[in-house]
There are 2 protein chains.
Amino acid sequence: MRSDARCNRLRILEAAAEVLAASGDVSLKSIARRAGVGQGTLYRHFPSREALVFQVYGEEVDGLVTAVPVLLGGLPPRLALRVWLERLLDVGRCFPEFANAMSLVTGAPAEHCVEAYRPLLGALSTLVSVNEAAGTISSGTTAEDVLLLLGPLWHVEARAEDRARSDRLFETLLRGLCPSATAREAPAGAAP
Amino acid sequence: MRSDARCNRLRILEAAAEVLAASGDVSLKSIARRAGVGQGTLYRHFPSREALVFQVYGEEVDGLVTAVPVLLGGLPPRLALRVWLERLLDVGRCFPEFANAMSLVTGAPAEHCVEAYRPLLGALSTLVSVNEAAGTISSGTTAEDVLLLLGPLWHVEARAEDRARSDRLFETLLRGLCPSATAREAPAGAAP
DNA sequence: ACCTGAACACCGTTCAAGT
DNA sequence: ACCTGAACACCGTTCAAGT
């Protein structure tokens, strides 16, 4: 990779971080303008908007990935999953574009070529697997399922400030995903 | 309302039904073209895309609304809610644009001026209220909450043919919304 | 009172022309 | 090898001019 290309890449990421943080015009063109590069350059470095967004929030993604073994080492599987999902939700609350990218990519992972999404999915897969082994998640549930169900929670927080509602919905989801330990006599699937 | 205006309205609805059924170009312009009217005319009759879509599927909406008392008359609250939601999902599966409109409007009901959405919300509110009175739904849950959580299920079916996955996710949601009758000793909220 | 359709202000994406 | 930015093909929306 040539040095000017490398430099442009960094400038794009910087400009993107600024533009995405400020609400308002978040078009790819405005990012290119702010970075002082042509639209073609931006498009070549990042083949899709989602690819760019995941790179911009690369640190947050890394943090989520490395947190998995720590959480699993110190907490029971069910709680580890819960804490990790809360952290994921917080990232989406801080950076609405991250939430948007997650929703889009979860809906159609194959179409957007975002390899930065794969580690996140892998991290969640580990948590799901451990929970399945422990019998603390409804069997058959995949990481994609969890992300799909989580999607609406980001949209609620992006609009208004009703954090209470978001928490309530999260509890509802978790109750569905991880049949409560107090209901051991119902082996998941015996509901009328 | 003048007779030609009334006629145009009907022609738009007919053309919209055809265009929305066929996959491909579903732009408002293509609907206006097919109906043989100007874009301005379409836009005046239906102030938003969602308003048009809800009118096109008005019969389905009516069917859902009138089904509520029938279901509540013949089934226990929990099952009535379940059957109604399954029917709602089926409508979205048959008409992807209906599903899209639901997701959009549920995310920001105030912004899109769609009065055709209100009866649907009212119907579901009735079901939720009856379930809350019967103690068969997690307290504090609103009709908007249910629709919000239901959103992702439409997107999964629109893409691929994995009906099994959709069913699985639906069971998960319902488990979260309606804490199982087999776990009566856990009064909703005692999870670790 | 209602309709028309050109015109406007945006997207994302591409690609010939440059360095 | 990489960059530029005009150009393209689309959106939805508006509004002066017509009937």
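Letters A, B, ... are given to chains in the order of the sequence lines, protein chains preceding strands, and every chain is numbered from 1.
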Query - Partners passing side-chain hydrogen bond (donor to acceptor under 3.5 Å, both in side chains) against B:Glu18 (at least two apart in sequence or in another chain) - result: B:Arg34
Report task. Not counting sequence neighbours, list each pair that qualifies as a ring-ring contact (aromatic ring centres under 6.0 Å, His included) and has a residue in residues 20-56 of chain A. Result -> A:Phe54-A:Phe98
Query - DNA chain D contacts among residues 15-27 of chain B, heavy-atom distance under 4.0 Å - result: B:Asp25, B:Ser27
Query raised in the report: According to the salt bridge (charged side-chain N to carboxylate O under 4.0 Å, His left out) rule, which pairs have a member within residues 50-69 of chain A, sequence neighbours left out?
Result: none
Query - side chain to side chain donor-acceptor pair (under 3.5 Å) contacts touching residues 85-99 of chain A (sequence neighbours left out) - result: A:Arg49-A:Glu97, A:Asp90-A:Arg93, A:Arg93-A:Ser166
Report summary line: Applying the Watson-Crick and G-U criteria (both distances under 3.5 angstrom) with [ ] for crossing and | for other-strand pairs, one obtains for DNA chain D ||.|||||...|||||.||
Report task. Quick one: list whatever passes ring-ring contact (aromatic ring centres under 6.0 Å, His included) with A:Phe170, sequence neighbours left out. Result -> none
Report task. Would you please name every residue forming a ring-ring contact (aromatic ring centres under 6.0 Å, His included) with A:Tyr117, sequence neighbours left out? Result -> none
Report task. Under the salt bridge (charged side-chain N to carboxylate O under 4.0 Å, His left out) rule, collect the residues that match up with A:Arg118, sequence neighbours excluded. Result -> none
Query - Partner set under salt bridge (charged side-chain N to carboxylate O under 4.0 Å, His left out) for A:Arg9, not counting sequence neighbours - result: none
Query raised in the report: Contacts to DNA chain C from residues 34-46 of chain B, heavy-atom cutoff under 4.0 Å, which residues?
Result: B:Gly36, B:Val37, B:Gly38, B:Gln39, B:Gly40, B:Thr41, B:Arg44, B:His45
Report summary line: Its 5'-most and 3'-most nucleotides having an atom under 4.0 Å from a non-hydrogen atom of chain A, DNA chain D is contacted over D:dA1 to D:dA7
